[in-house]
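So the structure is just underneath, and the comments pick up after that.
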Amino acid sequence: MSSSGRVIVAGAGPVGLLVALALGEQGVPVVVLEATAALTHDLRAGTFHPPSLEMMAPYGITDEMHRTGLPVRHWQLRDRQEGLIAQWDLDLLRDETPYPYRLHLEQHRLTPILYDKASRLPQVEVRFASPVVDVGQDADRAWAVVETPAGRKRIEGKWLVGCDGGRSAVRRRLGVEMEGFTWPERFVVVSTGYDFAQHGITPNAYVADPEQWAALFKMPDEGGAGLWRVAFPVPPDEADETTLSEGEVERRMQYFVPRPERYAIRYKSIYKVHQRVAKAFRRGRILLAGDAAHLNNPLGAFGLNGGIHDAINLAGKLGPVCRGKADATLLDRYERQRRTVNIEYVQDGSIRNLKTLAERDPDARRRRFDELRRINADPVQAREFLLQSSMIASVRRERAID
């Protein structure tokens, strides 16, 4: 593939592959550079909001996701002591979207769909075991330096898009600061085949508790029974080996829903949680998208969805620029739109969600629960709430930014 007019994409996660696919469909040549030897088996993200399904539908991705994915029409906010606070029905949005539900599908099931579609295009090349260690640019070109068994190699193109995750080498080499903070507590995510639906819990639920809140997501699994992923907070001073020990995992699960039998645990992992946004999404011929540009806690499922919105927005602007149909200043609008929406919706919303679940002050908890009950009881207010939580409102806000 000639470097003339080529776009370099760092990272073969869902955001990088979607950028490559969307550009390739426009006839733009793309080379994707992935550090690992194969697609990663990431278990974190797995909830897709209506706008994301709409954005991916023209590429045939959404239909493929529905072959395995679990549509979730209802989701709940619960309290460990009080029980159900509010149950939300996404069917209230049926006149707004062809997908009035959340679709649950783990990220590692999405990336093969994206990879298959992107790699079928003659314009797209994906190179594994090609970690980007440096980037650069001049007035006419951008380039990435990758580490290979034969030594470092420089790969050139017209533009470079960093989709290489929260520890983005592209962002670090650009010297772009990530503004925000890191939560003192970490999250542990535990997967089990135990069916929490028998306790009245919907396939997506958030359970408030000042000592140990929880977030639940039922995922599709082999055999059709489903696999429940449960996230808990972890104190800052707790050692990872303690958190992931069989005894501590069992203690947290039993605190959440006590049962005589022990829980059968399929997977468990622990990770830090950040609320950060890159100070710039564009520096000349190099752009950032997905986790390379923004990080947030997973309560509300805004992270990967936000990255999908980045990818479609960016490809919709970079494609015409590459084809000579638009001026490069159009890419500044990508930054204005996606950075603004991330700050106003993704960051604010996910922070508010975490504070709702973890609130310790009894009066503040009661006020928040009463407010949500009132909203839930009023179809007009409930619909407005769902427009926000489903990210439809954020997409509208993005489109209004010139």
Side-chain angles (χ1 to χ4, degrees), residues 14-15 44-53 55 70 72-79 85-90 92-93 97 99-107 166 180-183 185 187 189 201-209 213-219 229-233 271-277 290-291 293-310 338 340-359 368-369 371-372 375-376 382-398:
V15 176
R44 295 190 203 178
T47 298
F48 298 91
H49 290 299
S52 303
L53 299 174
M55 291 176 190
L70 177 68
V72 177
R73 173 178 162 181
H74 299 98
W75 62 274
Q76 297 173 339
L77 173 66
R78 306 178 69 90
D79 179 75
I85 303 299
Q87 178 165 303
W88 307 96
D89 184 357
L90 280 156
L92 286 173
L93 304 179
T97 175
Y99 308 103
Y101 47 81
R102 297 179 174 187
L103 187 70
H104 285 190
L105 185 74
E106 288 175 308
Q107 180 173 317
F181 66 93
T182 298
W183 294 93
E185 63 267 31
F187 285 14
V189 179
I201 298 174
T202 49
N204 184 195
Y206 303 93
V207 183
D209 183 77
W213 54 261
L216 290 89
F217 309 86
K218 184 180 181 182
M219 294 293 163
R229 285 177 19 189
V230 191
F232 302 112
Y271 56 95
K272 291 182 180 179
V273 184
H274 308 276
Q275 299 285 165
R276 297 185 182 275
V277 181
D291 284 356
H294 47 81
L295 297 164
N296 58 274
N297 82 69
L299 302 182
F302 300 143
L304 177 53
N305 284 274
I308 289 168
H309 302 180
D310 292 346
R338 293 306 307 153
T340 299
V341 165
N342 199 278
I343 293 169
E344 293 181 355
Y345 285 84
V346 173
Q347 299 298 317
D348 284 358
S350 58
I351 290 171
R352 183 170 57 251
N353 289 343
L354 181 49
K355 288 182 174 179
T356 295
L357 297 191
E359 179 61 63
R368 180 58 175 157
F369 291 164
E371 177 190 26
L372 290 169
I375 293 171
N376 186 244
R383 188 173 183 277
E384 184 60 33
F385 176 90
L386 289 171
L387 287 171
Q388 299 284 329
S389 62
S390 70
M391 302 186 80
I392 292 175
S394 76
V395 172
R396 290 177 176 174
R397 168 69 172 128
E398 171 191 311

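Since this is a predicted model, take the numbers as computed values, not measurements.
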Item checked: Check against ring-ring contact (aromatic ring centres under 6.0 Å, His included), Phe187 and Trp213 -> CA-CA 11 Å; Phe187 285 14; Trp213 54 261; 5.0 Å; yes
Please examine the side chains of [Y] and [X], heavy atoms only from C-beta on, and report whether any two atoms are closer than 4.5 Å.
X      : Y      : result
Glu398 : Met391 : no
Leu372 : Trp88  : yes
Val341 : His309 : no
Trp183 : Ile351 : yes
Phe302 : Ser394 : no
Met219 : Leu70  : no
Tyr271 : Pro298 : yes

Interatomic spacing from [atom1] in [X] to [atom2] in [Y] - rounded to 0.5 Å:
X      : Y      : atom1 : atom2 : result
Leu92  : Glu384 : CG    : CD    : 12.0 Å
Leu304 : Ser52  : CG    : OG    : 7.5 Å
Ser390 : Tyr99  : OG    : OH    : 14.5 Å
Glu371 : Ile375 : CD    : CD1   : 4.5 Å
Thr356 : Leu77  : OG1   : CG    : 7.5 Å

Margin query: Can you list everything that forms a ring pair (Phe, Tyr, Trp, His ring centres under 6.0 Å) with Tyr101? Sequence neighbours excluded, please.
Written below: His66
Check: Do Glu344 and Arg397 sit within salt-bridge range, that is, some charged N less than 4.0 Å from a carboxylate O?
Finding: yes
Tell me whether [X] contacts the main-chain N or O of [Y] through its side chain, where contact means a donor paired with an acceptor under 3.5 Å.
X      : Y      : value
His74  : Gln87  : no
Asn305 : His49  : yes
Arg102 : Val72  : no
Asn353 : Leu299 : yes
Arg338 : Gly290 : no

Margin query: Here's a test for you: under side chain to side chain contact (heavy atoms under 4.5 Å, CB included), which of Lys218, Gln76, Arg73, Arg78 qualifies with Thr202?
Written below: Gln76
Checklist line | Among Glu185, Gln275, His274, side-chain hydrogen bond (donor to acceptor under 3.5 Å, both in side chains) partner for Asn297 | finding: Gln275
Please give me the minimum heavy-atom distance between [X] and [Y], naming the atom from each residue.
X      : Y      : result
Pro100 : Leu93  : CB-C, 4.2 Å
Ser350 : Val346 : OG-O, 2.7 Å
Leu386 : Leu90  : CD2-CD2, 4.0 Å

